[in-house]
Amino acid sequence: MYCGAESPASNNSIICSRCEGFTSVGDIASRNAGHASIIEQISSYVKSRNYDKALELYDSLYTAEKDPMLLYAEALLCIDYSNYLLRLRSYDKKGFMEENAALQKAASDLAARAKLLLSKCASQLSAGLKSNQMPSYAYHLFLAYLKFGDLAAAQASLEIIKARDPMLFEYASMLFDSKLGKFDDLLRHAEKLLNANWQPLAVLYYSAYALFKKGRKKESKIILENIKPFMSSENVELLLAEIEQ
């Protein structure tokens with residue numbers, strides 16, 4: 001609904017395999033055709049590496065809808081764009097390599113833009129937290145804080161999620177533990193979610209990631225190869241590639 005990724009639904013709810021946003025099949029169906037068309041265009045531009053056009057569309061869509069999660073999705077795109085520019089740098093050229101300096105400057109500007117967008121997103125979500133009691137709203141605030149790097153605020157928002165949706169709390173806690181590198185705790189949250197059959201594909205990915213980080217590459221690879229046919233995710237492909245190295 002925000003980044004254009006296709007993700008499997010579980011019990012009518014969806015955790016996005018790209019941006020981690022939480023939504024329902026009903027919420028997606030209720031969006032107007034114009035919103036869906038623009039999100040599809042953004043996704044198409046991203047696939048063709050036309051990041052500037054994709055960012056322009058995000059700006060225009062946010063202006064029309066004022067949905068703070070569009071700011072979050074745009075911030076993630078800025079981060080991806082920044083990383084892409086950094087990968088374009090080459091150090092085997094002669095001279096002062098001015099192209100590298102220009103790429104570094106553009107990448108830094110995008111990273112700063114992402115921080116600003118995340119800050120604006122978190123501010124808007126925080127302002128509406130009392131009036132919007134939906135578990136997804138508190139969860140999205142948590143995502144904005146987590147991606148921004150404000151771990152104290154992210155942890156505080158976890159308690160709000162816990163009071164609204166215990167299973168979503170377990171998932172958010174899993175993301176938090178992943179950020180902190182607490183992989184044993186991550187796996188404990190994952191076990192609870194899997195026992196409840198709550199978003200199993202997304203949870204299995206994080207289980208595989210934790211096992212990889214713990215040095216259990218064989219088990220991690222088995223999980224990833226089993227979920228790959230059902231989960232279109234660049235993260236799965238990247239982790240498999242890292243295991244093979």
Side-chain angles (χ1 to χ4, degrees), residues 1-7 15-22 35 37-93 95-127 139-154 157 175-176 178-181 209 232-239 241-242:
M1 191 161 69
Y2 298 110
C3 68
E6 293 184 359
S7 305
I15 289 284
C16 179
S17 59
R18 182 182 298 161
C19 72
E20 299 279 0
F22 181 70
H35 174 97
S37 176
I38 292 173
I39 292 295
E40 286 178 4
Q41 290 178 56
I42 289 172
S43 183
S44 178
Y45 280 133
V46 171
K47 288 176 182 176
S48 62
R49 304 293 189 188
N50 194 340
Y51 293 105
D52 291 316
K53 290 295 292 185
L55 291 172
E56 286 178 14
L57 286 177
Y58 266 128
D59 286 338
S60 64
L61 190 58
Y62 173 75
T63 299
E65 298 186 358
K66 302 300 182 185
D67 186 338
M69 277 302 288
L70 290 169
L71 299 174
Y72 172 80
E74 184 178 354
L76 297 192
L77 181 56
C78 285
I79 294 170
D80 287 346
Y81 191 4
S82 176
N83 291 336
Y84 171 70
L85 293 179
L86 291 176
R87 290 195 298 270
L88 292 179
R89 293 175 302 175
S90 175
Y91 294 97
D92 58 358
K93 300 176 182 178
F96 292 101
M97 295 179 283
E98 292 85 354
E99 291 180 15
N100 284 346
L103 289 168
Q104 180 68 56
K105 174 66 166 57
S108 296
D109 288 346
L110 284 163
R113 179 176 173 180
K115 280 283 189 180
L116 183 62
L117 289 166
L118 288 168
S119 177
K120 187 176 179 180
C121 172
S123 177
Q124 291 185 14
L125 288 171
S126 180
Y139 170 73
H140 287 157
L141 177 61
F142 162 79
L143 284 183
Y145 282 138
L146 190 67
K147 184 60 70 170
F148 184 80
D150 190 340
L151 298 183
S157 62
L175 300 188
F176 193 70
S178 178
K179 185 77 170 181
L180 296 180
Y209 178 73
S232 178
S233 170
E234 185 180 358
N235 290 332
V236 172
E237 299 285 354
L238 290 173
L239 186 51
E242 196 168 352

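Only heavy atoms go into these numbers, but all of them, side chains included; no hydrogens, no water, no symmetry mates.
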* To do: Give, for atom OG of S108 and atom CG of L103, the distance between the pair rounded to the nearest 0.5 Å.
  => 10.5 Å

* Contacts of A114 that satisfy side chain to side chain contact (heavy atoms under 4.5 Å, CB included) - sequence neighbours left out -> A75, C78, I79

* Does S17 use its side chain to pair, donor to acceptor, with the backbone of S7 at less than 3.5 Å? -> no

* **Minimum heavy-atom distance A144-C121, with the two atoms named** => CB-SG, 4.0 Å

* Taking H140 for the side chain and F22 for the main chain, is one N or O donor matched with an acceptor at less than 3.5 Å? -> yes

* Structure fact -> To the nearest 0.5 Å, atom CD of E40 lies from atom CG of L57 at 12.0 Å

* To do: Run the numbers on D67 and Y62 for side chain to side chain contact (heavy atoms under 4.5 Å, CB included), then give the verdict.
  => CA-CA 6 Å; D67 186 338; Y62 173 75; 5.5 Å; no

* To do: To the nearest 0.5 Å, tell me how far M1 CE sits from M69 CE.
  => 8.0 Å

* Structure fact -> Between R89 and N100 the two heavy atoms that sit nearest each other are CA-OD1, 3.3 Å

* Heavy-atom distance under 4.5 Å between the side chains of S126 and Y145, does that happen here? -> yes

* Asked: Hey, is CD on Q104 packed in by over 12 heavy atoms from elsewhere, all under 6.0 Å?
  -> yes

* **Value rounded to 0.5 Å, distance of NZ in K120 from CG in L71** => 5.5 Å

* To do: Check whether any side-chain heavy atom of Y139 sits under 4.5 Å from a side-chain heavy atom of I15, and report yes or no.
  => yes

* Asked: Considering only heavy atoms from C-beta outward, does the side chain of Y72 approach that of L117 to under 4.5 Å?
  -> no

* Within a strict 4.5 Å, meaning less than it, do heavy atoms of the C16 and Y2 side chains meet? -> no

* Can you name the nearest heavy-atom pair linking F176 to A154, along with the distance? -> CE1-CB, 4.1 Å

* Min side-chain heavy-atom separation I42-L70 under 4.5 Å -> no

* Asked: Is a salt bridge present between D109 and R113, judged by a nitrogen-to-oxygen distance below 4.0 Å?
  -> no

* To do: Mind checking side chain to side chain donor-acceptor pair (under 3.5 Å) for Y81 and listing every partner two or more places apart, or none if nothing turns up?
  => D52

* Asked: Any side-chain heavy atom of I39 within less than 4.5 Å of one from H35?
  -> yes

* For K179, all residues meeting side chain to side chain contact (heavy atoms under 4.5 Å, CB included), sequence neighbours excluded -> L146, L151

* Asked: Of all heavy-atom pairs between C19 and L76, which one has the smallest distance, and what is that distance?
  -> CB-CD1, 3.6 Å

* Point-to-point distance, once rounded to the nearest 0.5 Å, from OG of S37 to CG of L61 -> 10.5 Å

* Asked: Can you name the nearest heavy-atom pair linking E20 to L143, along with the distance?
  -> O-CD1, 3.5 Å

* To do: Answer yes or no: are there more than 12 heavy-atom neighbours, outside K66 itself, under 6.0 Å from its atom NZ?
  => yes

* What's the shortest heavy-atom distance between A107 and L85, and which atoms? -> N-CD1, 4.0 Å

* To do: Supply the atom-to-atom distance L77 CG to R18 CZ, rounded to the nearest 0.5 angstrom.
  => 9.0 Å

